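Presented below is the structure to which this report refers.
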Amino acid sequence: MDFIIGGEQVDQEDFSGASIYLDACFILAFLDLDDDRRPEVARVLDVWSDHPGVILGVSNHTIAEVINRLFQMNILGALETYHRNNKLINQTRDGLNKLSFEQRIKLLDIDGIRFLYGLAKREEIISFYNKNINIHVKVMELIKLAKKDEENRKKLDVFYRAAVDTFEEFIHMMTVEAGFEVVEILDSTGDISYFAATVFMKQFQLDITDSFHLAIAQENEYNYLATLDGDFLNHFYSREASLSTRIIKVA
């Protein structure tokens with residue numbers, strides 16, 4: 001039996017009653033409307049939802065990766081939007097209300113992003129490249145600096161809430177809108193998962209994060225692990241192994 005199922009093979013598979021573990025990159029691609037892999041991720045989810053009794057699963061590792069990435073991307077998006085529209089916001093009467101709905105959504109909170117933008121420029125940890133204004137900023141370094149400001153650190157609350165809310169909206173979409181029976185939040189047993197993850201890392205040259213995802217999926221006896229990560233493709237085909245969990249490589 002092949003351990004890898006490509007996205008084009010998903011339509012031929014019977015997923016009735018299957019349990020499918022989702023890694024972080026799969027969820028993040030679905031949540032990012034600008035990700036060119038999103039249509040295929042959404043299509044695969046539609047295929048699974050057509051089968052009865054399908055259970056989706058995420059682990060604490062998945063949740064931590066997704067929420068942390070959402071947190072950082074929200075701040076980066078808000079910084080870029082603020083920078084692009086700095087003159088309009090600060091030098092034009094009622095400038096904030098002249099932004100598009102999408103731009104105001106990206107800002108999240110004008111006081112919060114104004115504070116972070118000013119801090120980033122003052123500490124010289126933000127740079128702008130070319131006419132496209134591609135922002136490079138060390139987000140977590142910026143956040144640590146912001147937390148030292150006792151008067152203004154409350155302005156960070158909105159960014160933390162937004163990251164958690166977006167993840168919870170994903171769970172809601174899967175269970176209520178897409179109609180999956182349940183999205184399980186899987187824990188891992190330290191000794192079992194650690195041992196299996198280190199074996200997978202050495203055997204298949206997977207990074208430790210991917211190795212833990214596979215270890216947790218197997219520990220919880222999940223039928224499939226869904227990922228966009230190309231690392232899973234490179235080594236499973238050519239090595240003999242006994243894996244109860246099959247890999248669905250999407251997009």
Side-chain angles (χ1 to χ4, degrees), residues 1-33 35-63 65-66 167 169-188 192-193 196-197 199-201 203-207 209-251:
M1 177 176 66
D2 289 336
F3 295 122
I4 303 291
I5 300 172
E8 69 282 355
Q9 297 171 277
V10 167
D11 297 306
Q12 283 73 52
E13 192 82 6
D14 183 3
F15 291 100
S16 299
S19 51
I20 305 171
Y21 178 104
L22 308 179
D23 77 353
C25 60
F26 183 95
I27 297 173
L28 287 166
F30 178 80
L31 292 173
D32 185 354
L33 299 179
D35 193 315
D36 57 9
R37 301 168 298 178
R38 187 187 186 277
E40 179 62 11
V41 171
R43 188 192 73 81
V44 168
L45 284 166
D46 284 341
V47 171
W48 295 339
S49 68
D50 287 338
H51 293 266
V54 174
I55 293 174
L56 301 181
V58 295
S59 69
N60 293 329
H61 295 268
T62 308
I63 296 169
E65 284 183 65
V66 170
F167 177 77
E169 286 167 11
F170 170 77
I171 300 297
H172 176 83
M173 282 189 287
M174 294 300 100
T175 53
V176 176
E177 297 177 21
F180 289 103
E181 187 172 308
V182 68
V183 178
E184 291 186 325
I185 297 179
L186 309 176
D187 206 346
S188 59
I192 297 173
S193 293
V199 168
F200 293 147
M201 185 176 184
Q203 186 175 8
F204 300 124
Q205 298 180 355
L206 295 171
D207 67 38
T209 302
D210 292 335
S211 298
F212 263 105
H213 285 312
L214 182 55
I216 295 168
Q218 288 227 118
E219 180 184 338
N220 287 275
E221 299 181 344
Y222 262 55
N223 305 119
Y224 302 94
L225 184 158
T227 183
L228 279 67
D229 196 330
D231 283 354
F232 283 103
L233 277 181
N234 296 330
H235 305 289
F236 277 92
Y237 284 120
S238 59
R239 295 173 183 263
E240 291 185 3
S242 177
L243 291 175
S244 57
T245 299
R246 300 173 71 192
I247 310 300
I248 303 174
K249 171 62 174 67
V250 181

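Note that the structure is predicted; figures quoted are calculated from it, not measured.
Remark: His51 pairs with Phe15 by the ring-ring contact (aromatic ring centres under 6.0 Å, His included) rule, at least two apart or across chains. Under the side chain to side chain donor-acceptor pair (under 3.5 Å) criterion, Ser19 pairs with Asn223, not counting sequence neighbours. Asn220 pairs by the side chain to side chain donor-acceptor pair (under 3.5 Å) definition with nothing, not counting sequence neighbours. In this view, Ala197 and Ile208, Ser211, Phe212, Ala215 satisfy the side chain to side chain contact (heavy atoms under 4.5 Å, CB included) rule, not counting sequence neighbours. Residues passing the ring-ring contact (aromatic ring centres under 6.0 Å, His included) test with Phe170, sequence neighbours excluded: Phe30. Contacts of Glu181 classified as salt bridge (Lys or Arg N to Asp or Glu O under 4.0 Å), with partners at least two apart in sequence or in another chain: none. When the side chain to side chain contact (heavy atoms under 4.5 Å, CB included) test is applied to Gln12, no partner is found at least two apart in sequence or on another chain. The ring-ring contact (aromatic ring centres under 6.0 Å, His included) test applied to Tyr222 returns no partner, not counting sequence neighbours. Remark: Asp35 engages Arg37 in a salt bridge (Lys or Arg N to Asp or Glu O under 4.0 Å) (not counting sequence neighbours). Partners of Glu219 according to the salt bridge (Lys or Arg N to Asp or Glu O under 4.0 Å) rule, which considers only residues two or more places apart in sequence or in another chain, do not exist here. Every residue two or more places apart in sequence or in another chain that forms a salt bridge (Lys or Arg N to Asp or Glu O under 4.0 Å) with Arg43 is listed here: Asp11, Glu40. Scanning for side chain to side chain donor-acceptor pair (under 3.5 Å) contacts around Asp32 gives an empty result, with sequence neighbours left out.
In this structure, the side chains of Glu169 and Leu31 stay at 4.5 Å or more apart for every pair of heavy atoms. Inter-residue side-chain proximity for Phe26 and Leu228 is flagged as met; some heavy-atom pair is nearer than 4.5 Å. Within the 4.5 Å cutoff, the side chain of Ile185 has heavy atoms near those of the Val58 side chain. Side-chain contact between Ile216 and His61 is present, with at least one heavy-atom pair separated by less than 4.5 Å. In this structure, Tyr224 and Ile5 have side chains that are in contact, with non-hydrogen atoms separated by less than 4.5 Å. Counting heavy atoms from C-beta outward, Val183 and Leu22 have side chains that stay 4.5 Å or more apart.
Inspection of the Gln218 and Ser244 side chains reveals an N or O donor paired with an N or O acceptor under 3.5 Å.
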Please walk me through it: do Thr62 and Tyr21 pass side-chain contact (heavy atoms from CB on, under 4.5 Å)? CA-CA 10 Å; Thr62 308; Tyr21 178 104; 3.2 Å; yes
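More than 12 heavy-atom neighbours from other residues, nucleotides or ligands sit within 6.0 angstrom of CD on Glu177.
Paired with Ile20 under the rule side chain to side chain contact (heavy atoms under 4.5 Å, CB included), one option of Val54, Val44, Leu225, Thr245 passes, and it is Val54.
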